[in-house]
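A short worksheet on the structure shown next.
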Protein chains: 2
Amino acid sequence: MAVSPEEVERRVDSLSHALRGSSLRLTHQRLEVIREVARSDEHPDVEALYRAVRERVPTISLDTVYRTVATLGDLGLVRRVALTPGPARYDANPSRHHHFVCTRCGLIRDVDDPELDAVRAPRGTASLGSVESVEVQLRGVCTPCHRKESDDHA
Amino acid sequence: MAVSPEEVERRVDSLSHALRGSSLRLTHQRLEVIREVARSDEHPDVEALYRAVRERVPTISLDTVYRTVATLGDLGLVRRVALTPGPARYDANPSRHHHFVCTRCGLIRDVDDPELDAVRAPRGTASLGSVESVEVQLRGVCTPCHRKESDDHA
DNA sequence: GTTACTGCAAACTTTTTGCACGACA
DNA sequence: TGTCGTGCAAAAAGTTTGCAGTAAC
């Protein structure tokens with residue numbers, strides 16, 4: 001259940017190198033946040049990372065942890081599990097369906113598709129708990145955002 | 001793209017009846033929030049619902065909208081699209097994987113499965129935008145929460 | 001030596017809560 | 001009529017930002 005030491009090392013290396021590659025500084029604080037996020041498979045929130053890192057770097061501040069995960073997220077090195085930042089959004093469509101989410105603007109569109117509906121929980125997940133619903137999330141960049149980006153680069 | 005009038009009516013009926021069925025009161029405010037959430041397929045946030053409902057019920061308060069969607073959510077009538085309430089959570093697992101999410105306690109566990117990895121975006125989604133990743137989310141109740149609930153009922 | 005990063009504090013956004021009044025069943 | 005729901009206001013929770021000092025390269 002825990003991430004193996006080798007895998008942790010691999011992740012720390014990979015994250016560190018990616019930072020350097022983007023000519024960002026690998027500070028003491030960033031390194032320890034990276035260690036912590038690499039070591040955990042419990043999808044920690046910022047507060048949990050902060051508590052853990054503070055044992056080794058007692059002077060680190062909560063906002064540095066926020067800034068570090070935001071930086072790692074921008075580089076695509078870590079991922080927010082809950083999709084959209086900002087306010088919670090609601091869906092009253094009672095039929096089974098899936099979602100396309102734009103990672104740029106947060107647009108969410110329903111996706112109806114029989115093949116996606118056919119996806120079932122693997123047997124192995126029964127040990128985690130009882131699965132009550134299966135939803136496929138497609139992440140990408142929506143057409144309007146694409147257009148906007150090519151305009152910006154023009 | 002808009003929800004058809006018949007479908008809206010069906011949803012409003014269904015939501016209203018479910019409320020009554022739980023011996024909750026169908027107030028003017030609740031009915032209008034229900035109308036609004038049923039009418040939209042844009043996954044509105046609470047603020048957007050508030051703005052829309054206020055055109056018809058100018059005296060409604062933001063917290064009533066919050067309480068109404070929370071009530072509808074508890075009854076399973078509407079769904080938060082972003083999974084977990086509370087703080088954003090991060091994942092440093094770089095390999096393709098999926099998630100099991102407990103709707104009771106918010107536990108998130110990685111799920112590795114080749115069959116889920118094989119799920120592809122349907123062709124039709126190309127019109128929405130470019131799909132960069134496909135993730136399956138399994139929602140349910142984790143084993144510890146199950147145990148806790150049977151204990152509570154004992 | 002520069003420039004980017006940090007810590008602090010304050011602000012901002014999103015959501016929740018306590019209380020007294022008003023409205024539904 | 002009794003109870004549940006509402007509006008108001010304040011607070012809590014989560015996150016972001018400006019600034020001056022500090023540390024990485």
Side-chain angles (χ1 to χ4, degrees), chain A residues 15-37 43-51 53-54 56-75 77-90 106 108, chain B residues 15-37 43-51 53-54 56-75 77-90 106 108:
Chain A
L15 295 170
S16 308
H17 279 88
L19 266 193
R20 314 297 292 278
S22 304
S23 49
L24 295 172
R25 293 179 184 169
L26 184 56
T27 62
H28 183 40
Q29 291 92 331
R30 280 185 178 164
L31 181 58
E32 293 303 332
V33 172
I34 285 172
R35 283 224 173 96
E36 203 50 48
V37 74
H43 310 84
D45 59 26
V46 169
E47 192 66 39
L49 292 172
Y50 175 56
R51 278 197 307 272
V53 171
R54 213 167 26 164
R56 283 169 282 138
V57 190
T59 59
I60 198 173
S61 69
L62 180 60
D63 37 286
T64 293
V65 182
Y66 269 105
R67 285 190 263 223
T68 302
V69 293
T71 301
L72 297 175
D74 288 346
L75 297 175
L77 303 173
V78 302
R79 189 174 252 195
R80 291 175 82 113
V81 180
L83 279 191
T84 52
R89 298 171 62 174
Y90 294 85
I108 302 174
Chain B
L15 294 170
S16 308
H17 279 89
L19 265 193
R20 315 297 292 276
S22 305
S23 50
L24 294 172
R25 293 177 184 168
L26 185 56
T27 61
H28 182 40
Q29 290 93 329
R30 281 184 178 164
L31 181 58
E32 293 303 333
V33 173
I34 285 173
R35 282 223 175 97
E36 202 51 47
V37 76
H43 310 85
D45 59 25
V46 169
E47 191 67 39
L49 292 172
Y50 175 56
R51 278 197 307 273
V53 171
R54 211 166 30 161
R56 281 168 283 138
V57 191
T59 60
I60 198 172
S61 68
L62 181 59
D63 37 286
T64 293
V65 182
Y66 269 104
R67 286 190 262 225
T68 302
V69 292
T71 301
L72 297 175
D74 289 345
L75 298 175
L77 303 173
V78 302
R79 188 173 252 197
R80 290 174 83 113
V81 179
L83 278 191
T84 53
R89 297 172 63 173
Y90 292 87
I108 302 173

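Numbers restart at 1 for each chain; the letters A, B, ... are given by sequence-line order, proteins then strands.
As a whole-Å value, the separation of A/Leu19 CG from D/dA24 P is 14 Å. The interatomic distance linking B/Tyr50 (OH) with C/dT15 (P) rounds to 14 Å, in whole Å. Rounded to whole angstrom, the span from the CG atom of B/Leu72 across to the P atom of D/dG5 amounts to 12 Å. Following rounding to the nearest Å, A/Glu47 (CD) and D/dA12 (P) show an atom-to-atom distance of 16 Å. Following rounding to the nearest Å, B/Glu32 (CD) and D/dG5 (P) show an atom-to-atom distance of 18 Å. When the C1' atom of C/dG7 is taken as reference, atom OH of A/Tyr66 falls 16 Å away, rounded to whole Å. As a whole-Å value, the separation of A/Asp74 CG from C/dA4 C1' is 16 Å. In this structure, A/Arg30 places its CZ atom 13 Å from C1' of D/dC25, rounding to the nearest Å.
Annotation: side chain of B/Thr64 is not in contact with side chain of B/Val53 (no heavy-atom distance under 4.5 Å). Two residues are said to be in side-chain contact when any heavy atoms from C-beta on lie closer than 4.5 Å; B/Thr68 and B/Thr27 fail this criterion.
Looking at residues two or more places apart in sequence or on another chain, you find a side-chain contact (heavy atoms from CB on, under 4.5 Å) between B/Asp63 and B/Ser61, B/Arg67. Partners of A/Tyr50 according to the side-chain contact (heavy atoms from CB on, under 4.5 Å) rule, which considers only residues two or more places apart in sequence or in another chain, are A/Glu47, A/Arg54, A/Ile60, A/Leu62, A/Val65. Every side-chain contact (heavy atoms from CB on, under 4.5 Å) that A/His17 has, sequence neighbours left out, goes to A/Asp13. With sequence neighbours excluded, no residue forms a salt bridge (Lys or Arg N to Asp or Glu O under 4.0 Å) with B/Arg20.
Here the closest non-hydrogen pair linking A/Pro44 and A/Leu49 is CG-CD2, 3.6 Å.
The CD atom of B/Glu32 sits 8.5 Å away from the CD atom of B/Glu36 when rounded to the nearest 0.5 Å.
Among the heavy atoms of the strands, none lies under 4.0 Å from A/Ser23.
In this model, the phosphate group of D/dT6 is not approached by any side-chain N or O of B/Ser61 to a distance below 4.0 Å at OP1 or OP2.
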So if I define the base as every atom that isn't primed, P, OP1 or OP2, how would nucleotides 18-25 of chain C read as a B/S/- string at a heavy-atom cutoff under 4.0 Å? B----BBS

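In this structure a side-chain-to-backbone donor-acceptor pair under 3.5 Å is missing from B/Arg89 to A/Val81.
Annotation: the terminal axes of the helix from C/dG1-D/dC25 to C/dA25-D/dT1 meet at 50°, where each axis is the rotation carrying the C1' atoms of four end pairs onto the next four (5 pairs per end, rounded to 10°).
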